[in-house]
Number of protein chains: 2
Amino acid sequence: MRVLKYAILGLLNRHECSGYDITSQFKEEIGQFWSAKHSQIYPELKKLVDEELVQFRTVIQGEKLEKKIYTITSEGQRELMEWVSASAPLPETEKDTFMLKMYFIGNLPKEEARELFADQLRLRRHKLKDLQQRYEGLKQTFGAEGAEVTFANPHLGHYLVLTKALAREQSYVDWLEEHVQIFG
Amino acid sequence: MRVLKYAILGLLNRHECSGYDITSQFKEEIGQFWSAKHSQIYPELKKLVDEELVQFRTVIQGEKLEKKIYTITSEGQRELMEWVSASAPLPETEKDTFMLKMYFIGNLPKEEARELFADQLRLRRHKLKDLQQRYEGLKQTFGAEGAEVTFANPHLGHYLVLTKALAREQSYVDWLEEHVQIFG
DNA sequence: GGTTCCATGTAATTAGTTACATGATTAT
DNA sequence: ATAATCATGTAACTAATTACATGGAACC
């Protein structure tokens, strides 16, 4: 399926990047939905160069630190658009080890089950708070409060992933809160 | 991390299974949160036998069809409980290729973006409806309508994964409906 | 001078999918 | 009969993580 290929093409389509830049971006908002380690990114970039979907130039940072700046080619753009626009079936499984544990939770002593559940609630609330703060920050870059997000807005992608991550975490916290009394 | 190992131990802890049974269960409710193909399951079972976490006996189905029935050992149970009860950090990334596409959607012609988004809404609504029906079915096996789900209920795991899958899909559909007008 | 970050790679291993391969049983 | 399901395995490949390995630049 080569999702990483398209993730990289998509990032390069926004602006040219080094391998390190791509690694960094996977630690920010888009990392909520896709990421990869540098050890996977560098070989993939090499492959994309071979396939002529990206190009690079070498620049010197400071005295002698070499860095490779990658740009997308028009063939790369074509393949990216083709992939983005193609509708795909839903994944049968969205892996979640906490929920796998929940499937087996009845075998645990109740106190241990309660602790595990409570800890998940604590972690998810913390993450939710973090995302809410990021969202407050994003709203400011949007200028006027309450201004509508349009298709043409250059921050659309950023807005969509943040609101979706927020919705996902809010739903997780809500579900945990609704069921925490089972372990009481 | 060997999650499949614990997924298999958890399933065997409920009742003895053949490799085929495990494969089948990954196509049901728990498959919403974890699954594996038979080509991964059979070698893992062999490994678990080597590690003495499971045992098996061979039974003949009909005339000559051999099938291996696996059971969990007490050491297997011990390792399972240890894993289930251990709290783990949240995953940094919960992969979702549709949302990755959304991050890049601004580059697409608006009509294509609309179609992609509308199609996802269609697929997610369909899945939600399916889960709602399964939930109606589960409620019947619970007996009295409105009866509270307790920790001791033998269907607790099943109930938790179904309600969580339902919450996840409802949240997905809600988010899509809230943002579909961007592409209008 | 030390710590954090910037920067790039490879090697070894583990996890997961797709394809290959075979055959019995059950329901229609 | 024939199709769907039950049943088990291996081989080849792709994807992803962890560990190994190195060194420059910026900040304090």
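It should be emphasised that the depicted structure is a prediction, and the values quoted were computed from it without experimental measurement. Numbers restart at 1 for each chain; the letters A, B, ... are given by sequence-line order, proteins then strands.
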When you get a sec, tell me which of [options] is the closest nucleotide to the side chain of [X]?
{"X": "B/Lys67", "options": "C/dG16, C/dT8, D/dA7", "value": "D/dA7"}
{"X": "A/Tyr20", "options": "D/dA19, C/dC5, D/dT8", "value": "C/dC5"}
{"X": "B/Leu65", "options": "D/dT10, D/dT17, C/dT25", "value": "C/dT25"}
{"X": "A/Gln40", "options": "D/dA7, C/dG16, D/dT17", "value": "D/dT17"}
{"X": "B/Ser18", "options": "C/dT8, D/dT8, C/dT10", "value": "D/dT8"}

Handout entry: Nearest-nucleotide 5' precedence on DNA chain D, B/Ser24 against A/Met1
Key =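 Comparing both residues, the 5'-ward one is B/Ser24.
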
Practice task
Please figure out whether A/Lys64 or A/Lys37 has its closest DNA chain D nucleotide nearer the 5' end.
Solution key: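 Looking at DNA chain D, the more 5' nearest nucleotide goes with A/Lys37.
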
Exercise for the section: Respond yes when some side-chain nitrogen or oxygen of A/Lys46 is under 4.0 Å from OP1 or OP2 of C/dG9, and no when none is. Expected result: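 Negative; the distance criterion is not met.
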
Practice task
Report yes if a side-chain nitrogen or oxygen of A/Tyr42 is closer than 4.0 Å to either non-bridging phosphate oxygen (OP1 or OP2) of C/dT8; otherwise report no.
Solution key: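 Looking at the OP1 and OP2 atoms of C/dT8, one of them is under 4.0 Å from a side-chain N or O of A/Tyr42.
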
Problem - Upstream residue (5' side of DNA chain C) when B/Ser39 and B/Lys47 are each assigned their closest nucleotide - result: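 Nearer the 5' end of the strand: B/Lys47.
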
Handout entry: Pair B/His179 + A/Tyr159: ring centers closer than 6.0 Å
Key =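 Yes, they do, as the ring centres are separated by less than 6.0 Å.
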
Problem - Check: B/Tyr103 ring centroid to A/Phe33 ring centroid under 6.0 Å - result: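 Centroid distance B/Tyr103-A/Phe33: not below 6.0 Å, so no.
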
Exercise for the section: Check every strand shown and say whether B/Lys5 touches a base, only sugar-phosphate, or nothing at a heavy-atom separation below 4.0 Å. Expected result: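 No contact.
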
Practice task
Taking the six-membered ring of B/Tyr172 (Phe, Tyr or Trp), confirm whether the NZ or CZ of A/Lys164 is under 6.0 Å from its centre and within 45° of its axis.
Solution key: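 A/Lys164 over B/Tyr172 ring: yes.
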
Problem - More than 12 heavy atoms from other groups under 6.0 Å of NE2 on A/His126 - result: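 Not more than 12 within 6.0 Å, no.
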
